[in-house]
Amino acid sequence: MTKINHTPDEMMTIAAARELKDGQICFVGIGLPSAAANLARLSHAPEIVLIYESGTLDTKPDILPLSIGDPELSESALTNESVPEMFRFWLQGGHINLGFLGGAQIDRFANINSTVIGNYSEPKVRLPGAGGAPEIATHCGEIFVIIRQSKRSFVEKVDFITSFGHGEGKNHRKRLGIDTKGPTKIITDLCIMEPEPDSFELIVTSIHSGVSREEISQSTGWEIRFANNINTTKAPSNIELGALRALQNRSLEATFLSKN
Amino acid sequence: MTKINHTPDEMMTIAAARELKDGQICFVGIGLPSAAANLARLSHAPEIVLIYESGTLDTKPDILPLSIGDPELSESALTNESVPEMFRFWLQGGHINLGFLGGAQIDRFANINSTVIGNYSEPKVRLPGAGGAPEIATHCGEIFVIIRQSKRSFVEKVDFITSFGHGEGKNHRKRLGIDTKGPTKIITDLCIMEPEPDSFELIVTSIHSGVSREEISQSTGWEIRFANNINTTKAPSNIELGALRALQNRSLEATFLSKN
Amino acid sequence: MAKITDLKEAISESVIDGQTIALEGFTHLIPFAAGHEIIRQGKLDLTLIRMTPDIIYDQMIGMGCAKKLIFGWAGNPGVGSLHRFRDALENGWPKPLEIEEHSHAAMANAFDAGASGLPLAIFQGYKGVDLEKLNDKIKYITCPFSEQKLVAIPSIRPDVTIIHAQKSDQKGNVLIEGITGVQKEAVLAATCSIVTVEEIVEDLEATANSIIIPSWALNFVAEVPHGAYPSYAYGYYGRDNKFYTNWDKISRDREKFKSWVDINILKK
Amino acid sequence: MAKITDLKEAISESVIDGQTIALEGFTHLIPFAAGHEIIRQGKLDLTLIRMTPDIIYDQMIGMGCAKKLIFGWAGNPGVGSLHRFRDALENGWPKPLEIEEHSHAAMANAFDAGASGLPLAIFQGYKGVDLEKLNDKIKYITCPFSEQKLVAIPSIRPDVTIIHAQKSDQKGNVLIEGITGVQKEAVLAATCSIVTVEEIVEDLEATANSIIIPSWALNFVAEVPHGAYPSYAYGYYGRDNKFYTNWDKISRDREKFKSWVDINILKK
């Protein structure tokens, strides 16, 4: 085996990008999802359609935006729509195949917390809150979650359900009248998890190259199970790494070294 | 007295134009209302704001449009909005001071019919129908009606209430929870009528120059009453007539003699 | 992604007898060419939806394509009646026509709700009017905060929506300019959509907030120059008001109408 | 008709202690200058509404202008927390802050309903989430046609809405370009509205479908070049992402924050 020349974050972003298919209509959030989605667009999925909550429809940024409505998104978009239209026509109207979510906590049924650590009325840590997430989680055809894995982020039960995943498992989504798939893949810096058929509990389906089962178990706040037919996520190729690093470098440069 | 050198329609249009005040926000329909509103704009009310249902906001046509969405309206508008926005933001949102309505029939309480003569399910004459009228009638601050006067058009009771005026009179609007004034002036080719305070029955408040009370009574399908302090509508001045005729001539020319 | 094709194929692959169809365009960009193609293909038993039926639906009704009309204002704008519509309604010629009648505010809200994936639209309207008593699609909800009563109507969800627009790019992204009516809403509310365009261009030359319907929200795009005539296309050609006025004469008489259609639609 | 005036007068004639105020602008065209003027004028007890509070509300909260925040996502976009917001919430500094929390979809719909003169907005959302249990403004209606249960929330109706835009003409008609967020809806939903603009021009050079708020729907227009900085104004200047990143350090510390405000807002 060659020696590892990528960071866990790079593995996570590249693993997420690989899951994206050309032509998909994606609702993208800032940070890791945005990096993965744009990496996919700049490599194997040139016709992927990226939509950001700010109303930028089919946008093709050359650098990663810092905020959800950076000039780069606006200027490279097919058009800019109002935020009510974005939520009503495009999201609620059912046009989005895939939504990307992140969060501070995720639980064994892929419910996500991005609101508060501790008690809502007396927070230990107050997080930014829901934003578009609750409705992204139910209106998109399916959801990918990108999140760094640790015992603090992968918890038995989230402190607060900001976005509904599979609730308490089984047919919980159906029971609530939600007819979209919800989280189908959780991509972390260690592995890929998917909800197990029927139970909808998250199980590991692919372990990133160089990561051990023990590492994963020790970074999960519940007794994580592994699929029978488990895959190994291929390490990033030099081409993938090169593309991601180039994207991130020119983004950093544009964001922080520009004279504005 | 000088000899009459204007038609009853001209008198009606000019009388209506005079009632419009500079700076008003008017929702305008095609035909007589459009002629009156644009005459006002081109003479004493240059800052009047004209809005047509097609979404043309603050439009300044140089000729009278044939339809509610002629190129002349669109091109001279401040901007063009979608029809849902027009109805939701501008009309229902309460931004319009004055709405203009016409119709085939009007009754003693200023209810208007533009739907059907005879029975709805077996019509004697099927008219175009409601269009924007029902909501214009309740959402605009007040309503002016322009309509040619005859026993057929001024009826005791309309065959069909397309747009609500004062219902059965008295506080009927209030009882229905409508907080706008409804029809405040009915401008015909013979006179101006207004709802009598309290009863809200239409009474004649101004008789057009050269018209007799008998003419008005004989052209009304109920026993029309006259206000105590009745005015005489001044005959059109040469300036008014000149402006109206010029407007109409250039409209006819543009509409029917253009090579398109 | 929209399939870029010709009008004939777009119609024959989309429109099926008995469907609910909306041809939208509020006085502007009315998809006349598409309506004519539906007539040529002899589609039947359609439920036609349109805020303002206009001449195009007069022609389709007169040729017997429609079994029902859902509308707000059925006239020849600025001219008078739609005689074919009236003949169908008053005399059942060439066949009886069922109607479902709304106000424009109701229809605009219902299209908007359809585009928004909602089963109903709510608005303030229909107060004191007779339509409210005749149309059983008009119901009410009570606002749980203000206790206000608001009108509820079902959203409009056509099987097929057809509109005309100025231009599309090679991918099928469509740009609309000028008076846009409820076209975008009608497209997004539909199961299947067709857009005819004046031209397919390399570059839409759009501004930051241009009204663009993305290709992936459409099914068919067909280049049909002059496809809105005698209505108009802002930036391309004006409205033929003379034709609208002449239609009154043509359409008053059944035979005159049929021979006009024969020459101007069927034999084209 | 809008009164064209300076920012100081626009704020002092509009904003009253205790009111409900929305400063809108979704990542773009955030009315920073107007927020700073509110801080300078020492307004108190405000209920602040904003989909994404951003740095401007962090500053206003840190200076004690707010008693309540109605919001959807309170962060420094792409950077992290709003430390002044968190300090108010977690430690009551400089005073306790009440919050009312929604999803973005809820707020967008509620602004839209406010602009539309409706007492409530309906949408599909909040399914299975905890916010639904905590916020008593979230209720339900049942669609009388489909029997579907839909979320109902009260429309947003600010006493004053303030936005920033690119330009206004001499009459006060305002043109907005680029990402427009819920600005138009927020203005139309408000009792009183202020627009600061980059410049007042002779001719807006608008296209047929430009997003223009007419003068007669506004109360005050004030020319404030660079009025959205460190946010941006499409066509004028870019976003100062460096400032957003630096804000994290400035705002973490109460004293550092106060001295920054002193130099950069109060003494300006």
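All chains are named by letter (A, B, ...) in the order of the sequence lines, taking the proteins before the strands, and each is independently numbered beginning at 1.
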Problem set entry | chain B contacts, top residue of C:Val182, C:Ile211, C:Asn76 (heavy-atom pairs, under 4.5 Å) |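 Ranked by contacts with chain B, first place is C:Val182.
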Problem set entry | Partner chain B: residue of C:Gly178, C:Gly75, C:Gly125, C:Ser231 with the largest heavy-atom pair count (under 4.5 Å) |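 Ranked by heavy-atom pairs under 4.5 Å with chain B, first place is C:Gly178.
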Just how far is it from atom [atom1] of [X] to atom [atom2] of [Y], taken to the nearest 0.5 Å?
X: C:Asp54; Y: B:Ser67; atom1: CG; atom2: OG; answer: 8.0 Å
X: C:Phe26; Y: B:Ser82; atom1: CZ; atom2: OG; answer: 11.0 Å
X: C:Phe123; Y: B:Glu135; atom1: CZ; atom2: CD; answer: 5.0 Å
X: B:Ile136; Y: C:His104; atom1: CD1; atom2: NE2; answer: 9.5 Å

Exercise. Checking side-chain hydrogen bond (donor to acceptor under 3.5 Å, both in side chains) for the pair B:Asn113/C:Asp130: CA distance, chi angles, key distance, verdict?
Worked result: CA-CA 10 Å; B:Asn113 175 15; C:Asp130 282 342; over 6 Å; no
Heavy atoms only, distances under 4.5 angstrom: which of [options] has the most pairs with chain C? Name it, please.
options: B:Ala133, B:Gly129, B:Ala137; answer: B:Gly129
options: B:Ile68, B:Thr79, B:Val83; answer: B:Val83
options: B:Glu122, B:Gln92, B:Arg173; answer: B:Gln92

When you look at [atom1] of [X], are more than 12 heavy atoms from neighbouring residues, nucleotides or ligands closer to it than 6.0 Å?
X: B:Arg245; atom1: CZ; answer: yes
X: B:Lys157; atom1: NZ; answer: no
X: C:Asn91; atom1: CG; answer: yes
X: B:Arg148; atom1: CZ; answer: no

Below 4.5 Å from any heavy atom of chain C, which atoms of [X] appear? Answer side chain, backbone, both or neither.
X: B:Val125; result: both
X: B:Phe164; result: both
X: B:Leu176; result: both
X: B:Thr115; result: side chain
X: B:Glu53; result: both

Which atoms of [X] approach chain B - backbone, side chain, both or neither, heavy atom under 4.5 Å:
X: C:Tyr126; value: both
X: C:Phe111; value: neither
X: C:Met51; value: side chain

Problem set entry | Electrostatic pair C:Glu101:B:Arg126 at N-O distance under 4.0 angstrom |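 Yes, C:Glu101 and B:Arg126 are salt-bridged.
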Closest approach of [X] to [Y] (non-hydrogen atoms, all atoms of both residues):
X: B:Phe87; Y: C:Ala105; value: CD2-CB, 3.7 Å
X: B:Ala130; Y: C:Leu131; value: CB-CD2, 4.2 Å
X: C:Leu134; Y: B:Phe160; value: CD1-CE1, 3.2 Å
X: B:Pro134; Y: C:Val129; value: CB-CG1, 4.3 Å
X: B:Pro128; Y: C:Phe71; value: O-CE1, 3.7 Å
X: B:Ile161; Y: C:Gly128; value: CG2-O, 3.7 Å

Exercise. Is a donor on one side and an acceptor on the other found under 3.5 Å between the side chain of B:His139 and the backbone of C:Gln124?
Worked result: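 Such a contact is found between B:His139 side chain and C:Gln124 backbone.
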Close side-chain approach of [X] to [Y], heavy-atom, < 4.5 Å:
X: C:Ile179; Y: B:Thr56; value: yes
X: B:Tyr120; Y: C:Ile99; value: yes
X: B:Pro123; Y: C:Glu90; value: yes
X: C:His28; Y: B:Ser54; value: no
X: C:Thr180; Y: B:Glu81; value: no
X: B:Leu66; Y: C:Thr245; value: yes
X: C:Asn109; Y: B:Pro84; value: no
X: C:Tyr234; Y: B:Ser74; value: yes

Problem set entry | Stepwise side-chain contact (heavy atoms from CB on, under 4.5 Å) test for C:Asp112 and B:Arg88 | CA-CA 10 Å; C:Asp112 186 84; B:Arg88 292 164 63 233; 4.0 Å; yes
